[in-house]
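What follows is a short report on a single structure.
Because only heavy atoms are used, hydrogens play no part in the values below, and waters and symmetry mates are left out as well, while side chains stay in. Counting starts at 1 for both ligands and their atoms, following the listed order.
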Amino acid sequence: MIRNLLALAAVAILPTISMAADKKITVGFAQVGAESAWRTANTKSIKEEAEKRGIDLKFSDAQQKQENQIKAVRNFIAQKVDVIVLAPVVEAGFEPVLKEAKRAHIPVILSDRRAKVSDDSLYVTFIGADFIEEGRRAGEALVKITDGKASIAELDGTPGSAPANDRKKGFDEVIAKHPDMTVIMEQTGEFTRAKGKEVMEAFLKSPEGKNITALYAHNDDMALGAIQAIEAAGIKPGVDIKIVSIDGVKSAFEAMADGKTNCVVECNPLIGPQLFDLVADVVAGKTVAKRTDVKEGVFMQEQAKDELPNRKY
Ligand code: GYE
């Protein structure tokens, strides 16, 4: 009798145990690329956290190409992953593939960059920074550094991407209140160091190049490339041309500690832990907030030396 009861209990318990053991969560992550130090830190944070939590992470690097990301998302749908994490390279054009995910009942978390969709139910939540606010912070810092007088060269991020659009918008909002601050030249540097250098070289060679007194770069990597171009032209970065950029990567702090740049607005890439908290909630069927913000600060040149040892990316 007792033996029978035990056997029954074992039958009742076993399926749950084996189900729990099998239930490794699978997440497909469609990353933007490897264009910047920020991105490398972001990928590392997400991969490390997945590993820590025993999550099966399928990783795709889109090399900053939307068509690659769309393909990656379709692959994740075909593989029936539990959750898709998408860091949309640009804002527009993801609606059709997001609809495919929805039809397959696979929840999508937007990470780092927003996508423009007409229907909010196409993604469960967005985790990332407030890029408009970062742009405003960069603008305010440049006003302080230049006393509200500057002929600005602007290095834009990837055209059509949320950070390029919003960092411009926030910056312009602030600059508009200062009649002696004008953007005299502007071009994309694709968020990379090489392109930042190349475009800054061209700016400096152009007839108006000698008038540049400030540089606003949508990320640190482009500013670091531009610093090389400025030095090669025999001009002093951080002195003759005041520089503000966004991200807060270690090498930008090093450049700032050397007096070669003037302000770094932080954008935190280390979102792995927050992201997988969301994944866990989504898998558990819990309701999550539509937006999760990431904490960030602003650092001026005089803080660079003290802050440098604290930088984690
Ligand atoms: O600022 C830049 C990267 O989307 C916030 O992308 C991210 C941006 C970051 O290439 O360095």
Side-chain angles (χ1 to χ4, degrees), residues 29-46 60-66 68-69 85-92 94 109-116 126-139 141 154-171 187-197 199 215-227 243-253 255-256 261 263-272 274-275 291-299 311-313:
F29 175 31
Q31 176 62 298
V32 169
E35 72 284 2
S36 64
W38 188 98
R39 187 67 51 200
T40 310
N42 179 249
T43 296
K44 189 164 172 259
S45 167
I46 291 171
S60 159
D61 172 339
Q63 298 176 321
Q64 295 222 73
K65 293 202 176 73
Q66 181 170 40
N68 292 348
Q69 271 195 316
V85 176
L86 167 66
V89 60
V90 289
E91 291 193 68
F94 280 103
I109 296 178
L110 297 180
S111 166
D112 158 34
R113 298 182 180 179
R114 273 179 299 102
K116 235 181 233 147
F126 163 71
I127 172 171
D130 182 344
F131 299 138
I132 299 184
E133 184 54 31
E134 289 172 353
R136 285 191 198 111
R137 289 176 182 161
E154 183 169 353
L155 284 172
D156 294 346
T158 304
S161 69
N165 292 342
D166 291 355
R167 286 172 181 172
K168 170 159 197 62
K169 194 170 172 200
F171 184 80
Q187 206 179 302
T188 180
E190 309 273 358
F191 280 132
T192 70
R193 206 178 275 218
K195 203 76 211 255
K197 181 173 177 228
V199 174
L215 169 70
Y216 169 41
H218 292 185
N219 82 342
D220 290 343
D221 279 73
M222 293 188 294
L224 290 162
I227 287 173
I243 304 176
V244 176
S245 62
I246 302 176
D247 273 357
V249 302
K250 214 180 228 153
S251 25
F253 272 83
M256 194 153 74
T261 177
C263 173
V264 163
V265 174
E266 188 179 35
C267 179
N268 182 8
L270 309 178
I271 61 175
Q274 273 178 293
L275 175 65
R291 178 175 183 131
T292 305
D293 284 320
V294 177
K295 243 182 108 206
E296 327 173 89
V298 178
F299 300 91
R311 300 312 294 170
K312 292 197 178 62
Y313 62 96

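Contact atoms of ligand 1 toward Phe131: 5 (C) (distance under 4.0 Å to a heavy atom of the residue). Those atoms of ligand 1 that come under 4.0 Å of a heavy atom in Asn219, given as number and element, are 2 (C), 11 (O). Below 4.0 Å from some heavy atom of Pro163 lie the following atoms of ligand 1, by number and element: 4 (O).
Checked by atom type, the side-chain pair Gln64/Thr158 shows a donor-acceptor distance below 3.5 Å. With 3.5 Å as the limit, one finds no donor-acceptor pair spanning the side chains of Gln31 and Asp112. Side-chain atoms of Thr192 and Asp221 form no donor-acceptor pair, as typed in the model, at a separation below 3.5 Å.
In this structure, Arg167 forms no cation-pi arrangement with Tyr216, as its terminal cationic atom is not both closer than 6.0 Å to the ring centre and no more than 45° off the ring axis.
Within 6.0 Å of NZ on Lys168 lie more than 12 heavy atoms contributed by other residues, nucleotides or ligands.
Annotation: atom 5 (C) of ligand 1 to nearest protein heavy atom, Asp112 OD1, 3.3 Å. For atom 10 (O) of ligand 1, the nearest protein heavy atom (residue, atom name, distance) is Glu35 OE2, 2.4 Å.
Considering both main-chain and side-chain atoms, Trp38 never comes within under 3.5 Å of ligand 1 through any nitrogen or oxygen pair. For a threshold of 3.5 Å applied to N or O pairs, the pair formed by Asp247 and ligand 1 contains at least one separation below that value.
At a heavy-atom cutoff of 4.0 Å, ligand 1 is contacted by the side chain of Arg167 but not by its backbone.
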| task | Please assess Ser60 against Phe29 for the test side-chain contact (heavy atoms from CB on, under 4.5 Å), listing each intermediate value before the final yes or no. | result | CA-CA 6 Å; Ser60 159; Phe29 175 31; over 6 Å; no
